[in-house]
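Working notes, structure below.
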Amino acid sequence: MYECFPAFAGNVHDMDYSIFILEQRNIFNVEHVYDAFVQYPHFSIEEAIRSDNVVIQALAMIDKRLGKRRLTHLKFDPDTHPLVTTFYRIRYEAEGLSLSHSLLN
């Protein structure tokens, strides 16, 4: 299992590693998603955007507290989870903005 992510060998519990791999394939544990929905209202928009929880980051992309100006200035790392970038695209298009001007990689 550690062939794809050798940095995890000996540093991460096997269960955590398994959860990471599944999340990279867009497969989320129902409890993980439920916990994100329960916790999300307690986060500021800044905390939500910077969260380690992918579901919370994705929810932040469609949150009205994330204004249009800030939305257009967000930058993503190449390793940003696809769920986050998908929600970003949905919000970007819902705002009537052109993805050609997006900072999305």
Side-chain angles (χ1 to χ4, degrees):
M1 282 183 15
Y2 294 107
E3 292 174 7
C4 296
F5 300 97
F8 289 129
N11 296 324
V12 177
H13 186 274
D14 285 344
M15 181 59 109
D16 294 335
Y17 180 76
S18 299
I19 290 169
F20 175 80
I21 295 298
L22 290 172
E23 285 181 0
Q24 291 303 311
R25 295 182 179 167
N26 290 325
I27 302 170
F28 295 91
N29 182 316
V30 154
E31 285 132 14
H32 180 75
V33 175
Y34 176 79
D35 289 344
F37 277 109
V38 170
Q39 294 172 9
Y40 187 79
H42 303 286
F43 282 80
S44 70
I45 192 64
E46 183 65 32
E47 291 171 326
I49 291 170
R50 306 247 181 265
S51 175
D52 292 334
N53 186 316
V54 171
V55 177
I56 289 175
Q57 286 179 9
L59 291 172
M61 296 299 110
I62 58 172
D63 191 320
K64 72 178 184 176
R65 296 178 296 170
L66 178 62
K68 194 184 288 190
R69 184 179 308 140
R70 183 155 186 202
L71 182 70
T72 60
H73 288 91
L74 283 177
K75 295 182 182 179
F76 295 95
D77 294 329
D79 62 340
T80 300
H81 194 280
L83 182 66
V84 176
T85 57
T86 298
F87 275 51
Y88 173 79
R89 284 187 180 106
I90 291 168
R91 170 70 185 280
Y92 213 84
E93 291 173 4
E95 293 290 352
L97 301 169
S98 171
L99 279 173
S100 63
H101 299 293
S102 165
L103 299 175
L104 185 61
N105 295 329

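Scope of the values below: all heavy atoms of this structure, side chains included, with no hydrogens, waters or symmetry mates.
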Side chains of Glu95 and Thr72 in contact at under 4.5 Å (non-hydrogen atoms) | no
Using the ring of each side chain (for Trp, its six-membered ring), is Tyr88 parallel, tilted or perpendicular to Tyr92, with breaks at 30° and 60°?
-> tilted
Distance-only, no hydrogens or angles: does the Arg91 side chain make a donor-acceptor pair with backbone N or O of Leu71 under 3.5 Å?
-> no
Using the test side-chain contact (heavy atoms from CB on, under 4.5 Å), find all partners of Thr86 that sit at least two apart in sequence or belong to another chain.
-> Ile90
When clusters are formed by joining ILVMFWY residues with side-chain heavy atoms under 4.5 Å apart, either directly or through shared neighbours, do Tyr34 and Leu83 land in the same one?
-> no
Inter-residue atom distance Asn53.CG - His81.NE2, 0.5 Å rounding | 10.5 Å
Nearest heavy-atom contact between Ala58 and Val84 is N-CG2, 3.9 Å
Contact summary for Leu59 and Phe87, nearest pair of heavy atoms | N-CD2, 4.4 Å
Distance-only donor-acceptor hits, side chain of residues 37-45, under 3.5 Å, sequence neighbours excluded:
from, atom 1, to, atom 2, distance (Å)
Tyr40, OH, Asp63, OD2, 2.6
Ser44, OG, Glu47, N, 3.1
Ser44, OG, Glu47, OE1, 3.4

Could I get the full list of salt bridge (charged side-chain N to carboxylate O under 4.0 Å, His left out) partners for Glu93, not counting sequence neighbours?
-> none
Mind checking the CZ-CG spacing from Arg69 to Leu74? Nearest 0.5 Å is all I need.
-> 13.5 Å
Which heavy atom in Asp77 sits nearest to a heavy atom in Thr80, and how many Å separate them?
-> O-OG1, 2.8 Å
Are any non-hydrogen side-chain atoms of Met61 and Thr85 less than 4.5 angstrom apart?
-> no
Tightest non-hydrogen contact, residues Ala60 and Leu66, listed as O-CD2, 3.4 Å
